[in-house]
Structure formats: structure tokens, C-alpha cells
Amino acid sequence: MIEANFRITYPDGLNARPATMLVAVANSYSSKMILEYQDTRVTLKSIMGVLSLGIPANVKFKLTFDGDDEGEAFQAVDKIIVNINQLPCK
Amino acid sequence: MSQKLTISQIVANMKLEVLAGALGLNREVTSPNLTKPGLELAGLFDYYEYNRIQIIGSKEETFFNTLSPDIQLDRVQKLFAQEPPAFIFSKNVDVPELFLQFGNKYKIPVLKSTYQTTSLFGELFNVLQAKLAERTTIHGVLMDINGVGTIITGSSGIGKSEVALELIRRGYMLVADDTIEIYQREKNVLIGEAPDVLKKYLEIRGIGIVNVVYMFGVSAYRETKRISLIVNLNVWDDNKQYDRLGLQAEKQTIFDTDVVSMSLPITEARNTATLVEAAAFDFKAKQMGYHSAEDFSGSLKRKIKANSEKKQVE
């Protein structure tokens, strides 16, 4: 199992567009992935779950990866969060 | 404008009376435009639009009757000499004898309508436009779902006709199954209908061809429908990303009209007819000014903002 803290610096926070990107990546791996923010845990594979948290910019949230491809999943998610943070602001 | 239409088809469609020139009923019309030869009756033939159907109303007739007999003969002679497709007189006009004589001589139909000039123009233009417009065909099913003209496309055997059958059972109307003929009545208005032989029929694998009017009644079928939405059914592909929120709208262009289109992945666990119905309802809601996904996106933004303010207080 891999546990790591992440932060979105994209100013609009984890709104529809970045969340869609993140969930899409999560869904291409079989490992179980849990997103935890302010004591609420949701699966990273569910778009509605991720959006329900309303994560703003510059706050810490925890991701856990558990499964056969947890290493690859972690790297892919790490990469997509870097991409999200570089998104042009609307 | 590649299509052709004969005068006899127009006569049948508009229920016109043939007064003269019956031998010319197989003449062809290529232009949907109409003209009133008022200036020509007054002697100006420089701009005579002789490739169009000529409409003569009571105004033209009254003026014609003020002319002296030899001028009348000259003008009618010139009108017929260029061989327009046909002359149509509107409701309250007494057709001058000269027109009947020349109609028979030149084999150009002289027709009489039961409409007054303005409505004759409107009706006839619509008929000509519909028949003469360029057509294209799409492989799919066209349904009227609560007023939303929805095309269901997808590869053969994916179950388009089965979806249509289910939608008919829910009270919606079939327009065309398998082959949809589409023409553009004007920009942004696409009309779809079934080819003549296929009208009212639905082909269901394992059952064969069924007549929906016979099976479900007249309320299950409609002749033509304006197209608003295209739903493309495809087999669920694990490697493909699907639009999860519905914030982006895709378009498909037919002639020069954009139609909203969407890709609908289907699996055994998903009831396709219900999905297509939901897509049509959502489209209708958007037309009426309510966009679920944008509304959701707005409340999400407020929640993110509230969360970020809370964080600063802490």
C-alpha cells in the first residue's frame, strides 16, 4: 500500500475539469484508490465522490493506493496532478 | 438542387385543377422559387424569370383586363414563348380565355388553386423546397421523443430498432427505421423522413418486418420530423474515456446545420431505451434554459470557495 499527500495549486481547486482528468487516470488502473480530505474518504474512481468533497486550491489531501499496480498508479496520479497544476486558468 | 419534380406531382400535392395544357403535365420544375409576372404583363420582359412557376393573382388579372385585346395577345404570347414550367391562378381569379388557348397550344399547364395568392405562395414554396432540396441519407432510426427529433445511430446489430420498439411502447413516435432521408428546409432546420417504401415499417431481427401503425396505432408514427439530436450507440470500451459530466457539447454537421450529438456507450446492464429517452429529455431541458451539468458545476464552485474560506479561518 502506498500513502501520499498531494496538493492542488490550480487556483480554481478540484473542480469539474481537473477532477475529470484525475478520475480518468484512476480508472485506468485496477488498484483501489482512496481520497481522504477533512476526514471524508471517497474512492478516486468515482467522479461524483471526488467532486462532493469540493477540494479548494492549496490544501493537503491524502491518497492511498492499494493493489497489484499501485506503484504505476501512484506515478500516473502524481504526473496528472502536476499537469493539473499547470492548467491554464479560465 | 439535384432533384426534379414534375408538374403532375405538384398538381396532386396541392390539389390543383388543370384548366389547360394537360399534355405538359410531365414538365419538370428545377427551381423552388416562384414569381408573379406583373411587370411582364406591363411589358417589361428584360427580367422575365421563365424557369420559375408563374403565379397570377387577382391583382395581375385586374390589370390584364385593362389592356386592349391586341396588347393582351402580345403579352400572353411573350409569356408562353419562353416556356415557363406552368401558370397557376389563385382562388378568386377568373382565368382569361387567352391563357387557356396558349396553354393548350404550347402544352404548358394552366392550373387553378383553391388558395389565395399569399397562402398559395407559402404552401407551394414549402412543397417545392421539400421536394427539390438536396437529400442525404443516414443509417439509423429517427424518433420523435416528446418533441425532440432524435436520430439513433450505431453499427449494425447494436440494437437500434429494438430501442425504437421500446420507445414506441413508451408512447413516442417512429419517423424512420434503418434509412433516414434528410434535407435542409432552411439553414438550421433539418427535416428527416423515411424513404417511401419503408414508411411505417420497423425491422426487428427474429420477428421480421412490422407495421407500427397496424401494431400500435396511428399515434405511434409521424411522417416527418425536424432533427435536433443525434445519439450514437456504441459498445462499451474499457479503454475509452467517456464524458462523465456532460459539460462539453459535441456537434455533427449535416449540410450546413450543426446538430448536437452524443456518444452513448451501452452494456448489458444499461437499458438503452431509457438512456436515449434521458438524453432527449436532457436536451429538451437545455433548450428550455436549464443545463443540469452547468448548474452542478456552479454549486461545486461555491462549495470549493466556501471550503477555501473555511481553511483560511482555521
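A, B, ... follow the sequence lines: proteins, then strands. Residue 1 opens every chain.
- Highest contact tally toward chain B, considering only A:Leu14, A:Leu51, A:Thr20, A:Asn15, is held by A:Leu51 [criterion: heavy-atom pairs under 4.5 Å].
- Using a 4.5 Å heavy-atom threshold, the side chains of B:Leu167 and B:Val276 count as touching.
- The parts of A:Ile47 that come within reach of chain B are both its backbone and its side chain, each placing non-hydrogen atoms under 4.5 angstrom from that chain.
- Under the salt bridge (Lys or Arg N to Asp or Glu O under 4.0 Å) criterion, the residue pairs touching residues 169-181 of chain B are B:Arg135-B:Glu181, B:Glu166-B:Arg170, B:Arg170-B:Glu277, with sequence neighbours excluded.
- With respect to the salt-bridge test (charged N to carboxylate O, under 4.0 angstrom), the residues B:Arg222 and B:Asp144 qualify.
- The shortest non-hydrogen separation linking A:Tyr29 to A:Glu72 is CE2-CB, 3.8 Å.
- At a 4.5 Å heavy-atom cutoff, A:Ser28 makes no contact with chain B through either its backbone or its side chain.
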